[in-house]
Amino acid sequence: MADKPSIPKGTRDFPPLVMARRMHIFDTIRGIFKVHGFQAIETPAMENLSSLMGKYGDEGDKLLFKVLNSGDFKAKLSPEELSQTPAGKLGTMISGKGLRYDLTVPFARFVVQHRNEISFPFKRYQIQPVWRADRPQRGRYREFYQCDVDVIGSNSLLNEFELIQIIDEVFEALGLKVVIKLNNRKVLAGIAEVIGAPERMTDITVAIDKLEKIGQEGVRNELEQKGLSADSIAKLEPLLLMQGSTQEKLDKLEGMLEASETGKQGISEVRRLLEYVDTDPVGAELEIDLTLARGLNYYTGSILEVKSAEVAIGSICGGGRYDDLTGIFGLEGVSGVGVSFGADRIYDVLLQLDRFPKRAAMDTTLLFVNFGDAEVKYILPILGQLRKSGISSELYPEQAKMKKQMSYANMREIPFVALVGEQEMKDGFITLKDMESGEQERLSPEELVERLSSAK
RNA sequence: GUGGAUGUAGCUCAGUAGGUUAGAGUGCUGGAUUGUGGUUCCAGAGGUCGCCGGUUCGAACCCGGUCUUCCACCCCA
């Protein structure tokens, strides 16, 4: 006997209602990407493992799904290698491919590989699933969709501004309140420099990233543990506890980062970006957050992250500028900046807040009840007319009991039902029933189209 | 990867001094109602009690393992 059918850990099936809601998210995001002039691309689910390894830090390497080589994958290994190599390392020896971990690195590969066909700056969007061998939890899946927008081949901070606008427009359209957190890796690098530990930037940022969660004391302990000197920690603390308006924070920071060229540059970039925002302010809350670090180690400039202001679920969108990413694939001096929307988490937030549109808005508008073959033949051309007019409509395929057909409409939450029987055929009209109010009216086919077009 | 919970009908859950054919609500199917759904009433279908093994005369219940889901770390969308 076969096992009960199941799917791998951390993956999901999407039934129709869920899918309708997911499409609502994707359609909204895609529409806004297009309006901003971004073009769609896709890349394969699998990349060569060498394209993926080392791009996401040690932690990321562990979370990569590797695809076992076809054929006799152990033929090239000696028995010693086979038995002595630790499992984790063995995986990379017998796997030449891996599932993509995000869309940014494959995009960088794409840009380098197709550089002669692309005119820069290149604005692309990409909506595809990615895979991570993480331990699943709420809001964390092994297969999930990212919706990436990137501009590559332009250093201008106008791109960062456009991304902020896109974020604002997307969440506005979805009806979600969000906080956009902004920081700059150069500022973080400056801080590391000023406190006398320039090479420890990653450790420092990872630690201060947790400030909200583990508190000042916790951060201090973690930094001590990482081997940072007491002197450095003491210098760092006032920076973290800065209060005041964005401008005040920036002024204070600028003073502290006087000695660091990189730091000063970071500050001026943040200022510049905020100037753009001032010209056309966004609806979302925008805040400078020095504790925002972001783990992906390819970011070099602006970094940003979006959190729901209403539901605690981790970030629902994030990104930043990466100056060297294509360098890894052999194309130097091309800077890119982009953000990624986490569709699955956005879904969870919308669901929890009950902000999805009514099902009727995403589904069939009209159902014709089937009274028999003569009626069906009468209805078919009308049905075609409705569909040409963009009204989602269907005909019940069986001459089932009326109760059953009505229940079907009810279950599907179809807002209108059309009744065409002998009487209607003879008189040339259609009885339209509004399922919500229960009211019925008699309409000609033309009036029906008219009526439902306006009801949409 | 570390630590901790969880798992009984499609769904939400009852069900222990281990004892014959495992329950409720909801949903599903049919009927009451042969051109009218959502309410009500009646009937019916649906479970190898996550899976494997052990203890026992006997296991949904005790023990071990395993998988799933969830929670806290880690990390992140």
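Below, read A as the first sequence line, B as the second, and so on, with proteins coming before strands; counting in each chain starts at 1.
- Relative orientation of the A/Phe110 and A/Phe122 rings is parallel, given thresholds of 30° and 60° on the angle between their planes.
- Summarising the base pairing, B/U6 is matched to no nucleotide, lacking a Watson-Crick or G-U wobble pair whose two defining distances lie under 3.5 Å.
- Stacking between A/Phe341 and B/A77 is absent: the aromatic ring centre is not both under 5.5 angstrom from the base six-membered ring centre and within 30 degrees in plane angle.
- Base pairing of B/A32: its partner is B/U40, meeting the Watson-Crick or G-U wobble criterion (both donor-acceptor distances under 3.5 Å).
- Nearest to the side chain of A/Met435, among B/G30, B/G37, B/C74, sits B/G37.
- A salt bridge links A/Glu441 to A/Arg451: one of the charged nitrogens lies within less than 4.0 Å of a carboxylate oxygen.
- Pair assignment for B/U48 gives none, since no Watson-Crick or G-U wobble pairing has each distance under 3.5 Å.
- Look at CD on A/Glu59: it is 15 Å from P on B/C73, rounded to the nearest Å.
- Atom name C1', nucleotides B/C73 and B/C11: the rounded distance is 32 Å, in whole Å.
- A/Phe356 and A/His24 have perpendicular rings, their planes meeting at more than 60° on a 0 to 90° scale where under 30° would count as parallel.
- Of the residues in residues 20-41 of chain A, none lies under 4.0 Å from RNA chain B by heavy-atom distance.
- Where A/Lys9 and A/Glu222 meet RNA chain B, the nucleotide closest to each residue was compared, and A/Lys9 sits on the side nearer the 5' end.
- Between A/Asp344 and A/Arg22 there is a salt bridge, since at least one side-chain N of the basic residue sits less than 4.0 Å from a carboxylate O of the acidic one.
- Under the Watson-Crick or G-U wobble criterion, with both distances below 3.5 Å, B/G1 is paired with B/C73.
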Identify all pairs in which a protein N or O lies below 3.5 Å from an N or O of nucleotides 34-36 of chain B, and state each distance.
residue, atom, partner, partner atom, Å
B/G35, O6, A/Glu424, OE1, 3.0
B/G35, N1, A/Glu424, OE1, 3.0
B/G35, N1, A/Glu424, OE2, 3.1
B/G35, N2, A/Glu424, OE2, 3.0
B/U36, O2, A/Lys433, NZ, 2.9
B/U36, O2, A/Gln440, OE1, 3.2
B/U36, N3, A/Gln440, OE1, 2.4
B/U36, O4, A/Gln440, OE1, 3.3
B/U36, O4, A/Gln440, NE2, 2.9

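- In the set B/C75, B/C70, B/U29, the nucleotide with an atom closest to the side chain of A/Arg138 is B/C70.
- Atom-to-atom, CZ of A/Arg140 to C1' of B/C71 comes out at 12 Å; the value is rounded to the nearest Å.
- Remark: B/U12 base-pairs with B/A24; criterion is Watson-Crick or G-U wobble with both hydrogen-bond distances under 3.5 Å.
- Here, B/A9 and B/A14 have their P atoms 12 Å apart, quoted to the whole Å.
- Taking atom CG on A/Asn370 and atom C1' on B/G37, their separation rounds to 17 Å, with Å as the unit.
- With a cut-off of 3.5 Å on both pairing distances, B/A60 has no Watson-Crick or G-U wobble partner at all.
- Between the side chains of A/Ser340 and A/Asp102, no donor N or O sits under 3.5 Å from an acceptor N or O.
- Comparing the same atom, P, in B/U8 and in B/C49 gives a spacing of 12 Å after rounding to whole Å.
- Listed pair A/Lys62 / B/G1 fails the phosphate criterion, with no side-chain N or O lying under 4.0 Å from OP1 or OP2.
- Contact annotation: side chain of A/Asn410 to base of B/G38, donor-acceptor pair absent below 3.5 Å.
- With a cut-off of 3.5 Å on both pairing distances, B/U68 has no Watson-Crick or G-U wobble partner at all.
- Here A/Asp58 does not pair with A/Lys62 in a salt bridge; the nearest charged N to carboxylate O distance is not below 4.0 Å.
- Between the side chains of A/Glu169 and A/His36, at least one donor-acceptor pair of N or O atoms lies under 3.5 Å.
- For A/Arg135 and B/C75, the shortest distance from a side-chain N or O to OP1 or OP2 is not below 4.0 Å.
- For the pair A/Lys404 and A/Arg142, both in contact range of RNA chain B, the more 5′-proximal nearest nucleotide belongs to A/Lys404.
- Separation of the C1' atoms belonging to B/G50 and B/C61 is 15 Å when rounded to the nearest angstrom.
- Using modelled atom types and a 3.5 Å distance limit, the side chains of A/Glu160 and A/Ser302 yield a donor-acceptor pair.
- As rounded to whole Å, 12 Å separates atom P of B/C76 from atom NZ of A/Lys307.
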Q) When you look at A/Arg412 and A/Asp363, which way does the salt bridge (Lys or Arg N to Asp or Glu O under 4.0 Å) test go after all the steps? A) CA-CA 8 Å; A/Arg412 288 273 310 271; A/Asp363 212 326; 3.1 Å; yes
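- The separation of B/C28 from B/G10, taken at their C1' atoms, amounts to 8 Å, rounded to a whole angstrom.
- Taking every heavy atom of both residues into account, A/Met425 and A/Ala374 meet most closely at SD-O, 3.8 Å.
- Residue A/Gln137 places no side-chain N or O under 4.0 Å from the OP1 or OP2 atom of B/U69.
- Between A/Tyr396 and A/Tyr408, the angle of the ring planes goes over 60°, which puts this pair in the perpendicular group of the 30/60° scheme.
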